[in-house]
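The basis for the numbers below is simple: all heavy atoms, side chains too, and nothing from hydrogens, waters or symmetry mates. The sequence lines fix the lettering, A, B, ..., with proteins before strands; numbering per chain opens at 1.
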Amino acid sequence: DGGITQSPKYLFRKEGQNVTLSCEQNLNHDAMYWYRQDPGQGLRLIYYSQIVNDFQKGDIAEGYSVSREKKESFPLTVTSAQKNPTAFYLCASSNSPGVKSEQYFGPGTRLTVT
Amino acid sequence: QKEVEQDPGPLSVPEGAIVSLNCTYSNSAFQYFMWYRQYSRKGPELLMYTYSSGNKEDGRFTAQVDKSSKYISLFIRDSQPSDSATYLCAMVEGGNNRLAFGKGNQVVVIP
């Protein structure tokens, strides 16, 4: 059963703590992405990776970090430097550019920081 | 001006009505156009994927692209309560895989 998994579904943290969100895909896609979704703001790109061991900042990378050590995994760390971390986080994957560009999304992780 | 404009709604229609959604864009380099459906507290799922100008039909859904006007539409025929969701348009330049998203349009189909 191919797809993208994100865990956990809900995550609660205290302010000042770093937290890592998991994203795994078995679609054999080269590219992976992290988005943040806030009410009324649509999807905003945090980081993306087109190939293993390489990643680029998106539009709102400050306060976040990522790694891409394996093709199937792209974890996102929300650091204490992120001023407003409470949000719905979505991971996605796609084939390489030039092939079909549509992205497939995971179920999301809702992070609440208090 | 944002790259992709989408009126967030919400849009309420009676069951059986036709739902009409649209997005406008400013970047003439966009070549691929997508519509995603997102149920509450879930990830978006790809609904339609189009490349050229014209219409593409899939069951009750029709996606329309007018590149000359920089305008895309999604039509849902015979709408059902299960169609109640947020619909996001997305588009991308050729050879690039950074999607530009609209803000999403919330649709409520009333039984």
Side-chain angles (χ1 to χ4, degrees), chain A residues 2-10 21 23 25 27 29-51 54-61 87-112, chain B residues 1-11 21-25 27 29-52 56 58 61 63 65 72 74 85-106:
Chain A
I4 302 174
T5 56
Q6 290 184 246
S7 60
K9 190 171 182 179
Y10 297 97
L21 282 59
C23 177
Q25 55 100 358
L27 300 167
H29 283 165
D30 289 310
M32 296 186 74
Y33 312 80
W34 275 106
Y35 293 91
R36 171 182 171 136
Q37 188 174 35
D38 297 281
Q41 298 225 39
L43 290 167
R44 293 186 289 168
L45 183 65
I46 303 172
Y47 267 99
Y48 65 107
S49 167
Q50 300 202 39
I51 199 166
D54 185 53
F55 47 83
Q56 286 80 41
K57 292 182 180 179
D59 301 317
I60 54 163
F88 188 47
Y89 290 88
L90 288 160
C91 178
S93 70
S94 73
N95 278 310
S96 301
V99 189
K100 290 184 112 181
S101 305
E102 65 267 38
Q103 294 179 13
Y104 295 89
F105 285 84
T109 292
R110 187 165 298 277
L111 173 65
T112 302
Chain B
Q1 183 190 9
K2 285 195 172 293
E3 268 195 315
V4 181
E5 298 278 2
Q6 182 178 12
D7 183 353
L11 178 65
L21 306 170
N22 56 73
C23 291
T24 58
Y25 62 95
N27 183 353
F30 286 143
Q31 291 188 19
Y32 302 93
F33 304 90
M34 286 143 270
W35 285 95
Y36 287 87
R37 177 176 62 195
Q38 185 178 23
Y39 291 114
S40 182
R41 295 189 172 88
K42 305 284 187 188
E45 55 178 322
L46 183 65
L47 204 56
M48 300 285 281
Y49 178 93
T50 55
Y51 168 64
S52 56
K56 180 178 180 179
D58 184 359
F61 299 91
V65 174
I72 68 170
L74 178 71
T86 296
Y87 292 82
L88 300 113
C89 63
M91 45 201 80
V92 65
E93 298 177 19
N96 185 339
N97 51 6
R98 282 190 65 164
L99 294 184
F101 283 90
K103 288 189 175 183
N105 201 168
Q106 186 183 0

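In terms of the side chain to side chain donor-acceptor pair (under 3.5 Å) criterion, A:Tyr47 has no residue partners (sequence neighbours excluded). Residues passing the side chain to side chain donor-acceptor pair (under 3.5 Å) test with A:Thr109: none are found, sequence neighbours excluded.
The minimum heavy-atom distance between A:Gln103 and B:Tyr36, with the atom names listed, is O-OH, 2.6 Å.
For the set A:Phe105, A:Tyr48, A:Phe88, the count of heavy-atom pairs under 4.5 angstrom toward chain B peaks at A:Phe105. Counting heavy-atom pairs closer than 4.5 Å to chain A, the top-ranked of the candidates B:Pro44, B:Ala100, B:Gly43 is B:Pro44.
Rounding to the nearest 0.5 Å gives a distance of 12.5 Å between CE of B:Met48 and CD of A:Glu102. The distance from the CZ atom of B:Arg41 to the NZ atom of A:Lys9 is 9.0 Å, given to the nearest 0.5 Å.
Using a 4.5 Å cut-off between heavy atoms, A:Tyr10 contacts chain B through its side chain alone, with no backbone atom that close. There is no contact between A:Gln56 and chain B, counting heavy-atom distances below 4.5 Å. With a threshold of 4.5 angstrom between heavy atoms, B:Gln38 approaches chain A through side-chain atoms but not through N, CA, C or O.
Shown here is A:Ile51, whose CD1 atom has no more than 12 heavy atoms of other residues, nucleotides or ligands within 6.0 Å.
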